[in-house]
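I am attaching a structure below and will ask some questions about it afterwards.
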Amino acid sequence: MKPTRAKGLQADPIFKLGKAPARKDPRNFKFAALLRAPPALPVEYDFDVKHPGIPTPMFGNDVHGDCVIAGRAHQTLRFEDVEQKKIIAISDSDVLNEYFNETGGPDSGLVVLDSLNEWRKGGWLVGRKRYYIKAYSEITPRSQNATRQAIFLDVGVGLGLQMPISAQAQTRAGKPWDVVSGSGSRPGSWGGHYVFVPGYTKLGPVCVTWGRKQQMTWAFYAKYCDEAYAIFDATDSTKLKRAIDVKKLGAMLQTVTSVAKARR
């Protein structure tokens with residue numbers, strides 16, 4: 001895969017960015033189309049509250065622009081906590097090896113959609129084991145309800161954000177990412193960033209990034225999110241089987257696989 005550089009990044013000594021411009025594909029599955037019975041949503045939800053003890057490592061994102069793979073690692077920790085009933089060990093080396101494998105060598109950032117395809121088709125190596133995802137689907141960017149639904153169903157939710165420079169000071173101060181006025185509020189004026197989101201509050205989504213949990217407001221999400229994905233590891237949980245049309249998802253995957261084989 002030819003690497004695509006995440007352009008226009010504003011340097012920061014601690015917080016590195018690395019999401020290249022969003023690549024759209026009209027063939028992407030739509031999360032809303034997979035919902036059979038939308039769940040009744042609680043006002044607030046956090047996977048980590050129900051599954052305590054999951055760490056939030058930096059995964060090298062203070063030195064390299066590997067946020068797309070760091071987000072994948074945070075998601076894999078939670079997927080496998082459900083699947084294996086334990087917290088697996090993921091090292092910085094695991095993350096950086098996959099990151100540089102996907103960029104082809106340079107610290108250039110990644111296209112989220114390309115990286116999701118790599119994860120689904122080829123998996124990624126953690127220690128001596130390779131981890132895959134079953135599928136991913138597109139959440140309409142800025143859709144609060146669909147985002148809450150995917151988070152509550154314990155589907156992995158990854159957001160691509162066009163970060164404003166104003167978020168630098170908010171991050172350093174440990175404050176929620178929020179919309180402010182002024183030139184520093186322009187989308188992408190800092191650069192592109194990718195985060196994994198395991199929870200939401202009344203205020204907005206809660207993501208894991210740069211070694212900690214980070215709150216953002218729904219207004220921030222609405223203004224700066226330019227791509228959002230619901231990422232499936234397995235579809236056998238009670239919540240998912242009630243809400244997701246698993247047969248429809250399977251049929252979609254079969255069609256994609258058949259088309260890909262026919263093109264070889």
Requested in this report: For the pair Y221 and W218, name the ring-plane relationship: parallel under 30°, tilted 30 to 60°, perpendicular over 60°.
Outcome: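 It falls in the perpendicular class, over 60°.
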
Report task. Decide if atom NZ of K50 counts as having more than 12 heavy atoms of other residues, nucleotides or ligands within a radius under 6.0 Å. Result ->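 Counting neighbours around NZ of K50, 12 or fewer heavy atoms of other residues, nucleotides or ligands fall under 6.0 Å, so no.
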
Report task. Check the surroundings of atom NZ in K213: do more than 12 heavy atoms from other residues, nucleotides or ligands lie under 6.0 Å from it? Result ->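 Check passes, neighbour count above 12.
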
**Report entry** Inter-residue atom distance H51.NE2 - D46.CG, 0.5 Å rounding
**Finding:**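 Rounded to the nearest 0.5 Å, the NE2-CG separation comes out at 11.0 Å.
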
Requested in this report: Could you tell me how the ring of W210 sits relative to the ring of W177: parallel (under 30°), tilted (30 to 60°) or perpendicular (over 60°)?
Outcome: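 Judged by the thresholds at 30° and 60°, the geometry between W210 and W177 is perpendicular.
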
Query raised in the report: Of all heavy-atom pairs between G105 and T103, which one has the smallest distance, and what is that distance?
Result: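 Where G105 meets T103 most closely, the heavy atoms are N-OG1, 3.1 Å.
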
Query raised in the report: What is the minimum heavy-atom distance between P198 and V206, and which atoms define it?
Result: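 Scanning both residues, the minimum pair turns out to be CD-O, 3.1 Å.
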
**Report entry** Donor-acceptor pair between T209 and Q214 side chains, under 3.5 angstrom
**Finding:**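 Absent: no donor and acceptor within the cut-off.
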
Requested in this report: Inspect the surroundings of NZ in K30 and state if more than 12 heavy atoms from other residues, nucleotides or ligands are less than 6.0 Å away.
Outcome: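 Counting other residues, nucleotides and ligands, NZ of K30 exceeds 12 neighbours.
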
Query - Residue list, ring-ring contact (aromatic ring centres under 6.0 Å, His included) with F232, at least two apart or on another chain - result: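 So F232 forms no ring-ring contact (aromatic ring centres under 6.0 Å, His included) with any residue.
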
Requested in this report: Kindly say whether the aromatic ring centers of F100 and H64 come within a distance under 6.0 Å.
Outcome: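 Yes - the distance between ring centres of F100 and H64 falls below the 6.0 Å cut-off.
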
**Report entry** From CZ (R242) to CZ (R36), nearest 0.5 Å
**Finding:**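 Going from the CZ atom of R242 to the CZ atom of R36 covers 11.0 Å.
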
Requested in this report: Specify the closest pair of heavy atoms between Y224 and R186, including all atoms of both residues, with the distance to one decimal.
Outcome: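 Taking Y224 first and R186 second, the nearest heavy atoms are CE2-C, 4.3 Å.
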
Requested in this report: Tell me, with the steps shown, if Y200 and T147 meet side-chain hydrogen bond (donor to acceptor under 3.5 Å, both in side chains).
Outcome: CA-CA 9 Å; Y200 64 85; T147 301; over 6 Å; no

Report task. Report, as yes or no, whether the 6.0 Å neighbourhood of atom CZ on R212 holds more than 12 heavy atoms from other residues, nucleotides or ligands. Result ->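 Atom CZ in R212 is packed in, count exceeds 12.
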
Query raised in the report: Just wondering, do C67 and K16 contact through their side chains at under 4.5 Å, heavy atoms?
Result: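 They are not in side-chain contact.
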
